[in-house]
Amino acid sequence: MIKVVKFGGSSLADATQFQKVKQIVSADDARRFVVVSAAGRRHKDDNKITDLLYLCHAHLKYSVNCDPIFQMIEERFLAIKNDLKLSYPIEKDLSYLKSALRKSIPLDYLVSRGEYLTAKLMAEYLGYTFLDAKDFIYFSYDGQIDFVKTKEMMDHHLSAHDHFVIPGFYGAMPDGQVRIMARGGSDITGAIAAKVVDADVYENWTDVSGILMADPRIVDNPKRIDKITYSELRELSYMGANVLHEDAIFPVKEKNIPINIRNTNEPENPGTLIMEYDNDTETCASPITGIAGSKDFTVVAIYKNHMSNEVGIVRRALEVFERYQISIEHIPSGIDSFSIVVNSADIKDKIYDIVAQVKENCRPDKVKVISDIALIATVGRHMSSRPGISGQLFAELGKNDINIRMIAQGSDEINIIVGVENKDFEKTTKVIYNRFVEA
Ligand code: ASP
């Protein structure tokens with residue numbers, strides 16, 4: 001049994017959190033690959049090391065002294081080292097970094113030091129081999145992971161050692177230069193490691209006990225999701241549920257390696273298990289797995305009589321959005337109308353030009369722009385086998401005086417998306433939750 005375990009920033013924020021990590025790792029010898037983020041916030045007003053590193057870089061860019069910020073970084077690392085009585089000479093790395101700041105230092109290299117130094121300390125603390133991500137994770141020049149080389153490198157390291165601590169969030173370009181991933185990228189590092197070592201499970205340790213069925217800022221004490229498929233998670237994350245970096249799903253999904261979201265502060269909680277459930281015949285109390293959504297979408301509705309007989313009108317409208325590099329969320333359609341739903345932030349400065357060009361390209365009878373729309377996705381793999389769920393959902397929203405402005409459903413029938421006015425966003429989420437989960 002091989003487990004890749006990734007710990008997020010809050011699980012590494014100070015010596016106490018390091019101790020919890022050690023307890024978790026040493027409780028199971030299968031936990032042989034430990035991927036770490038950079039030390040995160042100790043409390044809500046604290047700073048993440050990664051943010052401080054970005055801030056140092058911004059100061060340097062504008063020739064402002066960054067010593068006070070760098071000092072905060074030094075103090076954080078030294079406190080962990082001293083509290084745990086470690087001997088790794090981190091002072092040397094920090095002073096090297098400080099002098100490098102006076103010259104020009106690449107952003108990617110600087111920012112990756114958060115993970116690098118956290119991993120150095122953790123490797124000593126656990127007694128595991130430190131494996132630098134730049135000697136393991138390789139990008140191709142197009143920015144994609146070079147899985148062939150990455151696997152080769154891992155096999156090479158495995159011929160000499162078997163328990164590793166790996167810094168997350170970065171890898172190396174073909175020329176050896178450090179390149180960082182998107183924010184939250186340590187999740188991706190964990191997924192890559194899980195894929196190349198053929199892990200039995202990828203445990204992602206964070207500060208929540210799994211994925212919740214709805215946003216706890218909206219619904220009081222929402223239930224935890226025990227089991228979810230990759231596709232359901234993708235739908236929920238895309239719509240705003242924010243637990244795991246979405247790019248962390250693809251590497252493990254291919255091999256159906258389960259991802260287990262766990263809480264470092266509550267290790268006995270089984271968390272959420274993400275995997276493909278082929279024979280998922282279990283009868284669930286609720287047909288839905290979760291609800292997620294976000295505000296601030298714009299609907300551009302295009303009306304034209306006899307549109308259904310006109311070939312190419314949708315393409316001509318979409319061409320305009322493509323020209324402005326705007327990605328489309330949904331295209332709900334009627335017989336003589338269709339709507340294009342986009343993120344308001346993307347279209348805000350271009351809306352007048354876009355409408356003018358749609359009018360020119362499509363010669364519609366009317367174009368209507370509806371902004372301040374929130375989209376809420378109700379997601380569940382069990383919905384497709386139970387008729388009537390969407391009817392119940394729409395009826396419930398109607399009963400609660402919520403006006404549905406748009407409806408969309410993916411072809412695999414695992415989601416129902418409704419568009420409502422921004423002001424109804426929270427209410428809609430609560431109504432759906434109460435109808436399908438608490439009922
Ligand atoms: N430290 C990086 C960040 O804050 C990457 C990570 O934590 O996954 O985004």
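In this chain, residues are counted from 1 in sequence order. Below, each value reflects all heavy atoms present in this structure, side chains not excepted, and no hydrogens, waters or symmetry copies. All ligand and atom numbering here is 1-based and tracks the order in the structure.
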Only pairs at least two apart or in different chains count here, so list each salt bridge (charged side-chain N to carboxylate O under 4.0 Å, His left out) that has a residue in residues 111-125.
none
If we only count N/O pairs under 3.5 Å, is Glu115 in contact with ligand 1?
yes
Can you tell me which residue and heavy atom of the protein come closest to atom 7 (O) of ligand 1, and the distance to 0.1 Å?
Ser37 OG, 3.1 Å
Suppose the criterion is side-chain hydrogen bond (donor to acceptor under 3.5 Å, both in side chains): which pairs have a residue in residues 243-252, not counting sequence neighbours?
Arg234-Glu246
Is the closest heavy-atom distance from Gly185 to ligand 1 below 4.0 Å?
yes
Please identify which of these residues, Thr272, Val208, Ile261, Ile211, meets the side chain to side chain contact (heavy atoms under 4.5 Å, CB included) condition with Arg224.
Thr272
Taking only non-hydrogen atoms of Gly184 and a 4.0 Å limit, the atoms of ligand 1 in range are 3 (C), 5 (C), 6 (C), 8 (O), 9 (O)
Return yes or no for this condition: an N or O of Arg183 is under 3.5 Å from an N or O of ligand 1.
yes
May I ask you to decide if Pro267's main-chain N or O and Arg262's side chain share a donor-acceptor pair within less than 3.5 Å?
yes
Identity and separation of the nearest protein heavy atom to atom 6 (C) of ligand 1:
Ser186 OG, 3.3 Å
Element-labelled atoms of ligand 1 that are located less than 4.0 Å from some non-hydrogen atom of Thr50
1 (N), 2 (C), 3 (C), 4 (O)
With a 6.0 Å cut-off (strictly less than), is the heavy-atom count around CG of Asn65, excluding the residue itself, greater than 12?
yes
Would you call Asp353 and Arg323 a salt bridge, using N to O less than 4.0 angstrom?
no
Indicate, as side chain, backbone, both or neither, the part of His245 found under 4.0 angstrom from ligand 1 when only non-hydrogen atoms are considered.
neither
Backbone N or O of Ala39 within a donor-acceptor pair of the Thr118 side chain at under 3.5 Å?
yes
Is the closest heavy-atom distance from Gly168 to ligand 1 below 4.0 Å?
no
Report yes if Lys6 has an N/O atom closer than 3.5 Å to an N/O atom of ligand 1; otherwise report no.
no
I'd like to know if the side chain of Asp132 reaches the main chain of Asp135, judged simply by a donor and an acceptor atom lying under 3.5 Å from each other, with no hydrogens or angles considered.
no
Has ligand 1 got any nitrogen or oxygen that is less than 3.5 angstrom from a nitrogen or oxygen of Phe169?
no
